[in-house]
Number of protein chains: 2
Amino acid sequence: MAGQLRDNSQYMTDVTRKEEDTIDFEIIELLFFAYRDFTGDPDAILEKSGFGRAHHRVVHFVNREPGMTVADLLDTLKITKQSLARVLKQLIDSGYIRQVTGPEDRRQRMLYTTKEGQALARALAEPQSRRIADALAKTGPGAREIVKRFLVNMKNSAAD
Amino acid sequence: MAGQLRDNSQYMTDVTRKEEDTIDFEIIELLFFAYRDFTGDPDAILEKSGFGRAHHRVVHFVNREPGMTVADLLDTLKITKQSLARVLKQLIDSGYIRQVTGPEDRRQRMLYTTKEGQALARALAEPQSRRIADALAKTGPGAREIVKRFLVNMKNSAAD
DNA sequence: AAAGAAATGTCAGCTTTGTTGACACAATTC
DNA sequence: GAATTGTGTCAACAAAGCTGACATTTCTTT
């Protein structure tokens, strides 16, 4: 029962019972547990390479959108450039990401994964992808489309 | 287009295309964006009370399972007791959570939210719950059951 | 051409939230 | 009585976020 919640209905006060009617605690918690375990998947690999979850996100998105600029990345991750600079520099120095001066706008730095970066991104994504595939298979046919639409609806719309 | 990804198919190398076949990058990213924006909802309230997301999680789970012990909470959150001690102490000192010596095992500390704690937990959960309800409504009838099963399947099973 | 704005990099310092290791104390169990 | 368990606490450290300030290069606007 580690990491789960017990049935606690016998403890419920009237206030709690009323909240239960209007607030979707169940999905809120399931999201927490699902995401916690989902992000835990790549930890073993990250530890070996000496990187953290911040590095994971950077390698992932640069690998997914080759040629994206620093500004693009900041916008995707929603962190400050000082925060990004730290992990990005480490990834460049370690040879997982390289920068190319923008061909039109020479102020920009287009980001690309190296061969090593691609391998790392793939290795990190693999256990997560397997977890998703297993979960979708267990949930039943048609689950992927529903889940995908739900997740799209959960995130903020384009005009952030 | 802030925080989103462009169509980058024209940049794809053969390696990337092969990965696309076997790795579910799409759901991986949607989970990231959905969870990022979902956890951003309570930020305004947290800033006002001077608490962080760690406090949020503690108040939430204690409110959901009144009488849970410190060990239960550690098991749920999967953090160390030293890390928990910091935020728990602040929540107790601020009057949002109170401790009661265990009736059977007097070493245990049963945790309860105060009236203020319940109000805080509810206020924090409200925008998240609204986001979920809206997303489910847009996704269509029957979405809740599918999403719920998917999330249950995504988390690690009971024997962590 | 000069002035301004934009994209990026960097320095310095701070905060939150996680970690390890060590130790203390009271209460329970063997 | 000894060992174990549940909890608290001290100290130090690490990851990853933040703000503010300032420099450089390059583009855009006037």
Side-chain angles (χ1 to χ4, degrees), chain A residues 2 32 35-36 39-40 42-44 46-62 67-94 97-112, chain B residues 2 32 35-36 39-40 42-44 46-62 67-94 97-112:
Chain A
F32 170 74
Y35 198 77
R36 182 196 62 183
T39 52
D43 280 354
L46 287 170
E47 187 146 12
K48 274 195 293 184
S49 34
F51 291 136
R53 291 185 183 170
H55 303 85
H56 178 184
R57 292 194 285 273
V58 170
V59 168
H60 171 90
F61 283 112
V62 171
M68 78 191 305
T69 66
V70 172
D72 290 339
L73 193 47
L74 288 175
D75 210 43
T76 300
L77 298 175
K78 299 262 201 290
I79 58 175
T80 59
K81 65 174 176 174
Q82 297 92 327
S83 201
L84 173 60
R86 209 160 22 199
V87 297
L88 184 54
K89 194 169 189 310
Q90 292 169 340
L91 286 167
I92 291 168
D93 292 349
S94 320
I97 286 180
R98 70 193 152 81
Q99 290 181 313
V100 177
T101 297
E104 299 157 31
D105 189 333
R106 291 172 46 78
R107 291 172 301 182
Q108 294 181 332
R109 298 287 172 269
M110 321 260 287
L111 303 172
Y112 296 90
Chain B
F32 170 74
Y35 198 76
R36 181 196 63 183
T39 53
D43 280 354
L46 287 170
E47 187 146 15
K48 273 195 293 183
S49 32
F51 291 137
R53 291 186 183 169
H55 303 85
H56 178 183
R57 292 194 285 273
V58 170
V59 168
H60 171 90
F61 284 112
V62 171
M68 79 191 305
T69 66
V70 171
D72 290 338
L73 194 47
L74 289 175
D75 209 42
T76 299
L77 298 175
K78 299 262 201 289
I79 58 174
T80 58
K81 67 172 174 175
Q82 297 91 330
S83 200
L84 173 59
R86 211 159 19 201
V87 297
L88 184 54
K89 195 172 190 310
Q90 292 169 340
L91 286 167
I92 292 168
D93 291 349
S94 322
I97 286 181
R98 70 196 152 82
Q99 289 181 311
V100 177
T101 296
E104 300 156 29
D105 189 333
R106 289 170 47 79
R107 290 171 303 182
Q108 293 180 333
R109 298 286 172 271
M110 320 260 289
L111 303 172
Y112 297 89

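Numbered from 1 within each chain, the chains take letters A, B, ... in sequence-line order. Note that the structure is a prediction, hence the values are computed from the model and not measured.
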A.B. asks: Send over the distance from A:L111 CG to C:dA7 C1', rounded to a whole Å.
C.D. replies: 12 Å

A.B. asks: Just call it for A:Q90: base, sugar-phosphate, or nothing, with non-hydrogen atoms closer than 4.0 Å on any strand.
C.D. replies: nothing

A.B. asks: Could you walk me through whether A:L84 and A:V87 pass the side-chain contact (heavy atoms from CB on, under 4.5 Å) test, one step at a time?
C.D. replies: CA-CA 6 Å; A:L84 173 60; A:V87 297; 4.2 Å; yes

A.B. asks: Taking the side chain as C-beta and beyond, is there a heavy-atom pair between B:T101 and B:R109 under 4.5 Å?
C.D. replies: yes

A.B. asks: Can you check whether B:D75's main-chain N or O pairs, donor with acceptor, with B:K78's side chain at less than 3.5 Å?
C.D. replies: yes

A.B. asks: So, for B:M68 and B:D72, which heavy atoms are closest and what is the spacing to 0.1 Å?
C.D. replies: CA-OD2, 3.7 Å

A.B. asks: Could you list, one pair per line, each protein nitrogen or oxygen that sits under 3.5 Å from a nitrogen or oxygen of nucleotides 26-30 of chain C, together with the distance?
C.D. replies:
{"unit_1": "C:dA27", "atom_1": "OP1", "unit_2": "B:R106", "atom_2": "NH2", "d": "3.3"}
{"unit_1": "C:dT28", "atom_1": "OP1", "unit_2": "B:E104", "atom_2": "O", "d": "3.3"}
{"unit_1": "C:dT28", "atom_1": "OP1", "unit_2": "B:R106", "atom_2": "N", "d": "3.0"}

A.B. asks: Show the nearest heavy-atom pair for residues A:Q99 and A:I92, with the distance to one decimal.
C.D. replies: CD-CD1, 3.5 Å

A.B. asks: Is any side-chain heavy atom of A:V70 less than 4.5 Å from a side-chain heavy atom of A:L73?
C.D. replies: no

A.B. asks: With the side chain of A:R109 defined as its heavy atoms from C-beta on, choose the nearest nucleotide among C:dT19, D:dT9, C:dG9.
C.D. replies: C:dG9

A.B. asks: Kindly say if B:T80 contacts the phosphate of C:dG18, meaning a side-chain N or O under 4.0 Å from OP1 or OP2.
C.D. replies: no

A.B. asks: C:dA7 P sits how many Å from A:M68 CE, rounded?
C.D. replies: 15 Å

A.B. asks: With rounding to the nearest 0.5 Å, note down the distance linking CZ in B:R98 to CE in B:M110.
C.D. replies: 10.5 Å

A.B. asks: Below 4.0 angstrom, which residues in residues 49-57 of chain B have at least one non-hydrogen atom near DNA chain C?
C.D. replies: B:G52, B:R53, B:A54, B:H55, B:R57

A.B. asks: Give me, pair by pair, the N or O atoms of the protein and of nucleotides 12-14 of chain C that are less than 3.5 Å apart, along with how far apart they are.
C.D. replies:
none

A.B. asks: For B:L88 and C:dT17, what is the distance between atoms CG and C1' respectively, to the nearest whole Å?
C.D. replies: 15 Å

A.B. asks: Taking atom types as they are modelled, is there a donor-acceptor pair under 3.5 Å from the base of D:dG6 to the side chain of B:K81?
C.D. replies: no

A.B. asks: CG of A:L77 versus C1' of D:dA15: gap in Å, rounded?
C.D. replies: 16 Å

A.B. asks: The criterion is ring-ring contact (aromatic ring centres under 6.0 Å, His included); which residues satisfy it with A:H56, sequence neighbours excluded?
C.D. replies: none

A.B. asks: Provide the full list of salt bridge (charged side-chain N to carboxylate O under 4.0 Å, His left out) pairs with a residue in residues 46-58 of chain B, sequence neighbours left out, each pair given once.
C.D. replies: B:D43-B:R53

A.B. asks: Using 0.5 Å steps for rounding, measure from the CZ atom of A:R36 to the OG1 atom of B:T76.
C.D. replies: 7.5 Å

A.B. asks: Could you tell me how far apart B:L74 (CG) and D:dT7 (P) are, to the nearest whole angstrom?
C.D. replies: 8 Å

A.B. asks: Between C:dT17 atom P and B:K89 atom NZ, what is the distance in whole Å?
C.D. replies: 16 Å

A.B. asks: Can you measure B:I79 atom CD1 to D:dA15 atom C1' for me and round it to whole angstrom units?
C.D. replies: 15 Å

A.B. asks: Output all residues satisfying ring-ring contact (aromatic ring centres under 6.0 Å, His included) with A:F32, sequence neighbours left out; order by chain, then residue number.
C.D. replies: B:F61

A.B. asks: Measure across A:S94 and A:F51 and return the closest heavy-atom pair with its distance rounded to 0.1 Å.
C.D. replies: OG-CZ, 3.8 Å

A.B. asks: Whole angstrom is fine here: how far is it from CG in B:D72 over to C1' in D:dT5?
C.D. replies: 14 Å

